[in-house]
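One structure is given here, and the rest of the page talks about it.
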There are 2 protein chains.
Amino acid sequence: MAQIDRSLIAALPSFVGMGPEALDDVLAQARPLRAPKGSAVFNQGQNAEEFFLLLHGRLRVTRITPQGEQVVVRFVGPGDMFGVAMAIKSEIYPGTATAVVDSLALVWPNSAWTGLISRHPALALNTMGTLGARLQDSQTRILEMSTQQAEKRVAHAVLRLVNQAGRKTDEGILIDFPISRQDIAEMTGTTLHTVSRIFSAWEEKGLVKGGRRRILVCDPHGLFMLTEKAD
Amino acid sequence: MAQIDRSLIAALPSFVGMGPEALDDVLAQARPLRAPKGSAVFNQGQNAEEFFLLLHGRLRVTRITPQGEQVVVRFVGPGDMFGVAMAIKSEIYPGTATAVVDSLALVWPNSAWTGLISRHPALALNTMGTLGARLQDSQTRILEMSTQQAEKRVAHAVLRLVNQAGRKTDEGILIDFPISRQDIAEMTGTTLHTVSRIFSAWEEKGLVKGGRRRILVCDPHGLFMLTEKAD
DNA sequence: CGGTCGATTTGCGCCATAACAAAAAATCTC
DNA sequence: GAGATTTTTTGTTATGGCGCAAATCGACCG
């Protein structure tokens, strides 16, 4: 198999503090994987045999309850590791990862995990940092869902998306991957209908401009006010 | 300082797979800390300079929003690590840990963290597992808060407490540390009043017996049914 | 360009649950 | 054990946002 160039990953948060030979050791066991838009990289409940790093594109990670309700756990962006079931001592993938745009990832067999962690303490520390960041994020969401009502939760979710994937344009900040009202609803624990109403209200106030599966934030500062003091 | 006996920690999940000299290395930098009931081990926002392992007792970890609303993040039991801000690359403690009964912990200076992780890959893997378990737990709570209504969320919370800290008695399963309706409310994102009503209804059905700051689960199976099928 | 299908918007009625308000009960203190 | 304090229970009222349903809009396709 052709060796992947280490410059592809050297700058990523997961690999900071690692030398060239360490990076080569990491890459030696990886293979690339193309994920066309709409395809699933892995499915909830599947036996977890590999872990991943996203190089390019965007994935949506979802979880489904036994009763069939779905929630969006997070969006994966370039440089993020995902499907690290090994790290969390799980035999199966706890969620489903779907490409929302054409994407490209690196894949390692789970068998490589323990060795890599043991040989590269920096990788261990970085991975913990990533898990910790996700934990913080989850707990923040719990905090919001416990104490705030729908409009604020939606505002926070949009602001988080802006930070993760916002692209400045001359009209405002564009979230540059397809995301539906349904997605926002599943991120905030509300319904499609409520999100739609909230967005309509925001459009009237000039805070956002909605397109189909697109969000254009005209006034992020206004959203901040919405999340701080209440209307 | 007197060396702590390694048998105290050898069997704990955080230290499985570590040999005697590794355990001694870990313990060499630790000191014991008593936390009387009601005292805070650390406070939200404080500079994080140490990390901890609970040997005996029970702590409640809470987080407060800028607006002053509080939520209960989790309960820490014997054998659990807590306050591992280092692991998650945080400078400060993101929450407050309060002893709900007289407790005893081990304390390490943060400066010991990187070295310990680097020297003991097993500790790294175990810690990741712990973080992963908490992440799973958080995401499960998000799932529940998104899709289920108050009664089910409370039922789940009680069942989780039963698993963590339930003690069998001849009348049922007793959660053997002080926990108020307010606590349950803060764990489930509802109000004191709603929790009280729910508990009253359960008492009428014979599912639980409530005492002040105590919960006695008479029929866990009944609660399971409550969380599965509705009604 | 017309047809089809998915996404979004909007109206309406209803219900779970929050908010407010007190009383009652349990526990602690001296 | 009397009083004070905290916790819990319970009643009443108000409302956010969910469920249902139907209309509209926009995009993609042949």
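Small disclaimer: the values here were computed from a predicted structure and weren't measured. Chain letters run A, B, ... following the sequence lines, proteins first and then strands; every chain starts at 1.
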Please give, in whole Å, the distance from dC18(D) P to Glu186(A) CD?
13 Å

Counting C-beta onward and ignoring hydrogens, is there a side-chain heavy-atom pair between His56(A) and Pro78(A) closer than 4.5 Å?
no

Is it the case that more than 12 heavy atoms not belonging to Lys209(B) sit under 6.0 Å from its NZ atom?
no

Can you pull every protein N or O that's under 3.5 Å from an N or O on nucleotides 14-17 of chain D?
from    : atom 1 : to        : atom 2 : distance (Å)
dG17(D) : OP1    : Ala150(A) : N      : 2.8

If you measure only the distance, is there a donor-acceptor pair under 3.5 Å linking the side chains of Thr130(A) and Thr127(A)?
no

Exam field: side chain Asn43(A) to backbone Gln46(A), donor-acceptor pair closer than 3.5 Å
no

So Phe15(A) and Trp108(A), would you call those rings parallel, tilted or perpendicular, with 30° and 60° as cut-offs?
tilted

Quick one: bend of the helix from dC1(C)-dG30(D) to dC30(C)-dG1(D) from 5 pairs per end, to 10°?
50°

Is the gap between the ring centers of Phe82(B) and Phe51(B) under 6.0 Å?
no

Please tabulate the protein-to-nucleotide N/O contacts below 3.5 Å involving nucleotides 5-9 of chain D, giving atom names and distances.
from   : atom 1 : to        : atom 2 : distance (Å)
dT7(D) : OP1    : Arg213(B) : NH2    : 3.3
dT7(D) : O4'    : Arg212(B) : NH1    : 3.1
dT8(D) : OP1    : Arg213(B) : N      : 3.2
dT8(D) : OP2    : Arg181(B) : N      : 3.2
dT9(D) : OP1    : Arg181(B) : NH1    : 3.3
dT9(D) : OP2    : Arg181(B) : NH1    : 3.0
dT9(D) : OP2    : Ser196(B) : OG     : 2.7
dT9(D) : O5'    : Ser196(B) : OG     : 3.4

Atom CG of Leu174(A) and atom CZ of Arg214(A): how far apart are they, to the nearest 0.5 Å?
6.5 Å

Can Ile184(A) and Val72(A) be said to form a side chain to side chain contact (heavy atoms under 4.5 Å, CB included), step by step?
CA-CA 8 Å; Ile184(A) 305 275; Val72(A) 174; over 6 Å; no

Hey, does Ser138(B) have a side-chain heavy atom less than 4.5 Å from the side chain of Ile142(A)?
yes

Ring-plane angle category for Tyr93(B) and Phe52(B), please: parallel below 30°, perpendicular beyond 60°, tilted otherwise.
tilted

